[in-house]
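I'd like to ask some things about the structure below.
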Amino acid sequence: MTLHPVLKAVTDRIVERSRATRTVYMDHVRAAMRQGKVERTQLSCTNQAHAFAAMPAGIKIHLQDSVRPNLAIVSAYNDMLSAHQPLEAFPALIKEEALKAGATAQFAGGVPAMCDGVTQGFDGMELSLFSRDVIAMSTAIALSHQMFDAALYLGVCDKIVPGLVIGALSFGHLPAVFVPAGPMTTGIANDEKAKVRQLFAEGKVGRDALLASEMASYHGPGTCTFYGTANSNQMLMEIMGLHLPGAAFVNPNTPLREALTRKAARVATEISAQGGRYTPIAEVIDEKAIVNGIVGLLATGGSTNHTMHLVAMARAAGISINWDDFDQLSAVVPLIVRAYPNGKADVNHFHAAGGMGFVIRELLDAGLLHDDVTTIMGKGLRAHSQEAWLNDGEAAFRPAPQTSGDDSVLRPAANPFSADGGLKVLAGNIGRAVIKVSAVKPEHRVVEAPAVVFNDQNELLAAFKRGELEKDFVAVIRFQGPRANGMPELHKLTPPLGVLQERGFKVALVTDGRMSGASGKVPAAIHVSPEALLGGDIGKVQDGDLVRLDADKGELAVLVPAAEWAARQPAQIDLARNQFGTGRDLFAGMRQLATAAEEGAMSFSHPLWQQGDR
């Protein structure tokens with residue numbers, strides 16, 4: 001199939017924009033490749049003895065063998081978070097399978113994994129975005145011992161996978177296989193859960209009913225089943241070639257999940273320099289793979305958080321993308337998946353209907369993905385248009401279904417839910433922002449109403465409880481950007497705003513903060529840049545200003561005379577309360593270094609980008 005001209009044009013532009021930084025990155029990777037086939041042979045005997053000391057005698061013998069690959073295991077395991085609890089069993093499986101494949105494996109290091117679902121609406125959420133960068137640095141520390149010839153990365157949720165990818169790309173000469181844990185089995189319906197949340201927001205049910213509903217939804221090991229950032233991560237790893245085919249949405253603690261984990265160890269061995277088909281991650285994550293990731297995000301209605309995370313991951317590989325790339329691709333990529341919050345189904349339903357193999361095949365056949373990429377399976381993305389199955393106890397792969405099992409959840413590219421993707425860029429005198437329109441009904445996509453300005457989400461919640469928001473309005477919540485307070489998600493606002501919308505009021509949200517990947521039905525212009533703390537014009541908005549949010553035309557503007565707007569000075573507030581408590585004082589340096597949302601909201605002073613975008 002011939003590539004769609006817009007896909008080709010956007011890719012060509014990214015290649016040209018990234019030429020200098022990508023060249024520098026690949027030069028560093030090739031220099032590391034030339035150091036030798038087996039990493040640990042570069043170390044002195046004393047260095048190696050330290051790294052072998054705690055290993056069983058049989059493993060020590062293998063580690064002394066300079067032709068055997070040694071695999072790193074980097075894991076986000078903890079047993080508080082359902083998505084990562086299943087990872088506890090994975091290292092033993094990987095080590096056992098690596099030995100069978102002629103390799104060894106060592107647990108190289110753990111990375112932190114925090115949950116936005118636990119911290120949502122509380123101070124801990126102000127650490128969430130920067131935890132991605134801490135994870136990237138933790139990954140680098142785990143790999144810094146020069147003991148490893150390939151790595152397996154165990155992680156699932158919001159900031160964890162992007163952080164692992166960024167860290168892995170800083171060791172671009174090492175092959176990488178990403179190993180998911182899978183979603184929990186289906187609990188109560190997502191729309192039922194949302195209904196109880198709204199009833200609680202209105203004071204119509206008590207906390208006991210709310211907790212019972214939430215526990216019926218989040219009820220066992222695995223990822224939350226809605227299609228938010230965590231499951232968008234899993235989609236990305238598959239469509240960018242870092243997962244085994246069909247691995248993303250297999251439930252934990254099943255024979256197929258175990259078989260896929262074992263298979264991941266074998267593939268990591270195969271793609272090490274000693275394994276016969278050396279495949280460093282730097283060659284997997286190139287400009288075409290990044291474009292494939294954007295297309296996958298748009299076609300599935302994925303999380304808006306990836307308008308930052310994908311930018312950051314790309315930058316770690318020397319590749320420069322921006323929101324215009326997302327916007328132009330969104331105009332031609334069809335929406336072919338409807339999973340909550342863009343529909344009623346969860347990811348288990350999506351997987352059963354045909355899953356990622358179906359999506360990849362449909363987009364390839366439509367000329368909307370690059371097939372000529374390298375993945376952990378070899379050359380060509382077509383290998384990932386398969387599903388995993390259990391064949392005599394081992395993971396095997398077969399073609400994805402030719403037809404969708406449920407066309408209310410998954411459709412062919414020729415008969416999409418929408419002709420364009422679920423994401424748009426908004427621009428105007430307030431700044432640049434993104435909006436996820438795939439979950440917003442057409443009648444709610446244009447809102448023109450007076451502004452009600454808040455400097456904190458709790459101010460809006462208090463106003464709602466006082467009954468002051470029973471009207472048409474645009475909530476403007478500022479000083480929520482990366483430098484102000486770490487850019488927390490404001491998902492706690494979804495129930496009250498949803499209540500007001502259902503009562504017939506025209507409501508919208510404009511913020512320099514984030515919304516959860518589970519948010520959607522209320523129009524929200526998020527990630528407004530520049531942020532208020534840096535003098536962004538969102539700081540000029542005043543109560544009563546008429547604000548126009550037009551998701552159809554891509555407009556975000558305050559309707560005041562240009563001369564008056566230019567003469568206004570941005571508001572300033574005391575942000576001292578954001579600087580202490582819940583560990584926030586330890587992240588002051590990250591807040592001071594953070595780039596804008598469109599630049600990935602990164603706290604790294606990365607040498608590739610010190611001169612700014614080219």
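Keep in mind that what you see is a predicted model, and the values were worked out from it rather than measured.
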Quick check for you: to the nearest 0.5 Å, what is the distance between Arg503 atom CZ and Glu470 atom CD?
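If we round to the nearest 0.5 Å, Arg503:CZ and Glu470:CD are 4.5 Å apart.
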
Determine, stepwise, if the pair Arg432 / Asp324 fulfils salt bridge (Lys or Arg N to Asp or Glu O under 4.0 Å).
CA-CA 10 Å; Arg432 282 167 65 84; Asp324 291 333; 3.0 Å; yes

Judged by atom type as modelled, is there a donor-acceptor pair below 3.5 Å linking the side chain of Arg478 to the main-chain atoms of Asn455?
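A pair under 3.5 Å: no.
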
Would a 4.5 Å heavy-atom cut-off, applied to side chains only, mark Val522 and Leu500 as touching?
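They are not in side-chain contact.
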
Begin from the C-alpha positions of Ser128 and Arg514 and carry the test side chain to side chain contact (heavy atoms under 4.5 Å, CB included) through to its verdict.
CA-CA 11 Å; Ser128 174; Arg514 297 184 293 134; 3.7 Å; yes

Heavy-atom check, side chain of Tyr153 versus side chain of Val111, under 4.5 Å
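Sidechains of Val111 and Tyr153: no contact.
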
Determine, for Lys195 against Glu502, whether the closest basic-nitrogen to carboxylate-oxygen distance falls under 4.0 angstrom.
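Salt bridge flag = no for Glu502 with Lys195.
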
Over all atoms of both residues, closest heavy-atom pair of Gly124 and Met114
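Taking Gly124 first and Met114 second, the nearest heavy atoms are O-CE, 3.4 Å.
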
From the options Gln480, Glu531, Arg577, select the one residue that forms a side chain to side chain donor-acceptor pair (under 3.5 Å) with Asn485.
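Between Asn485 and the candidates, side chain to side chain donor-acceptor pair (under 3.5 Å) is satisfied uniquely by Gln480.
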
What's the spacing between Ile239 CD1 and Ser232 OG if we round to 0.5 Å?
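It is 11.5 Å, given to the nearest 0.5 Å.
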
Check the angle between the aromatic planes of Phe249 and His351 and answer parallel, tilted or perpendicular using the 30° and 60° thresholds.
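Geometry flag for His351 against Phe249: perpendicular rings.
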
For a side chain to side chain contact (heavy atoms under 4.5 Å, CB included) check, start with the C-alpha distance between Leu497 and Phe473, then their side-chain angles and the critical distance, and finish with the verdict.
CA-CA 10 Å; Leu497 292 175; Phe473 72 101; 4.0 Å; yes

What closest approach, in Å, do Phe130 and Met590 show between heavy atoms, and which atom pair accounts for it?
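Distance-wise, the nearest heavy atoms are CB-SD, 3.5 Å.
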
If you apply the rule side chain to side chain contact (heavy atoms under 4.5 Å, CB included), what do you find for Met487 with Met308, and how did you get there?
CA-CA 11 Å; Met487 205 178 190; Met308 293 183 297; 3.6 Å; yes

Between His306 and Ser303, do the side chains contain an N or O donor and an N or O acceptor separated by less than 3.5 Å?
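No donor-acceptor contact under 3.5 Å links the two side chains.
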
Taking the side chain as everything from C-beta on, heavy atoms only, tell me whether Leu236 gets closer than 4.5 Å to His309.
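Side-chain contact under 4.5 Å: no.
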
Nearest 0.5 Å, what's the CG-OG distance between Asp133 and Ser603?
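Reported value, rounded in 0.5 Å steps: 3.5 Å.
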
Side-chain donor/acceptor of Arg445 to backbone N/O of Val440, under 3.5 Å
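Answer holds: yes.
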
With sequence neighbours left out, what residues match Lys492 under salt bridge (Lys or Arg N to Asp or Glu O under 4.0 Å)?
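Salt bridge (Lys or Arg N to Asp or Glu O under 4.0 Å) list for Lys492, sorted by chain: empty.
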
Would you call Arg591 and Leu533 a side-chain contact if the rule is heavy atoms closer than 4.5 Å?
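In short, these two side chains do not touch, never coming nearer than 4.5 Å.
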
Side-chain heavy atoms of Thr511 within contact of Val528, under 4.5 Å
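A side-chain contact under 4.5 Å is absent here.
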
Determine whether the side chains of His527 and Thr307 contain a donor N or O and an acceptor N or O closer than 3.5 Å.
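Checked: His527/Thr307 side chains pair up, N/O donor to acceptor below 3.5 Å.
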
Do you know the tightest heavy-atom contact between Asn233 and Cys157?
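Distance-wise, the nearest heavy atoms are ND2-O, 2.7 Å.
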
What verdict does the side chain to side chain contact (heavy atoms under 4.5 Å, CB included) test give for Arg257 and Asn253, after you've listed the backbone C-alpha separation in whole Å, the side-chain angles of each residue and the deciding distance to 0.1 Å?
CA-CA 6 Å; Arg257 178 85 275 160; Asn253 304 322; over 6 Å; no

Side chains of Phe326 and Ile294, heavy atoms from C-beta outward: is any pair under 4.5 Å?
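Counting from C-beta outward, Phe326 and Ile294 do come under 4.5 Å.
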
Asp325: side chain to side chain donor-acceptor pair (under 3.5 Å) partners, not counting sequence neighbours:
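Residues passing side chain to side chain donor-acceptor pair (under 3.5 Å) with Asp325: Arg13, Arg17.
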
Do the side chains of Lys159 and Asp116 get close enough for a salt bridge, i.e. N-O under 4.0 angstrom?
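Yes, this pair counts.
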
Check Val156 against Ala181 and note the closest heavy-atom contact, atom names and distance.
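The pair with the smallest heavy-atom distance is CG2-N, 3.8 Å.
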
With a 4.5 Å heavy-atom cut-off, do Leu127 and Leu586 have their side chains touching?
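A side-chain contact under 4.5 Å is absent here.
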
Is it true that the side chains of Asn348 and Asn251 contain a donor and an acceptor less than 3.5 Å apart?
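Distance-only check passes for Asn348 and Asn251.
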
More than 12 heavy atoms from other groups under 6.0 Å of CZ on Arg207:
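For Arg207, atom CZ is not crowded (no more than 12 foreign heavy atoms under 6.0 Å).
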
Hey, is CD on Gln572 packed in by over 12 heavy atoms from elsewhere, all under 6.0 Å?
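Atom CD in Gln572 is not crowded, with 12 or fewer foreign heavy atoms closer than 6.0 Å.
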
Taking all heavy atoms of Asn231 and all of Thr223, pick out the closest pair and write down the distance.
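Looks like OD1-CG2, 3.5 Å.
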
Measure across Val205 and Val196 and return the closest heavy-atom pair with its distance rounded to 0.1 Å.
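The pair with the smallest heavy-atom distance is CG2-O, 4.0 Å.
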
Verify, without hydrogens or angle tests, whether Asp123 (side chain) and Thr582 (backbone) share a donor-acceptor contact under 3.5 angstrom.
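Such a contact is absent between Asp123 side chain and Thr582 backbone.
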
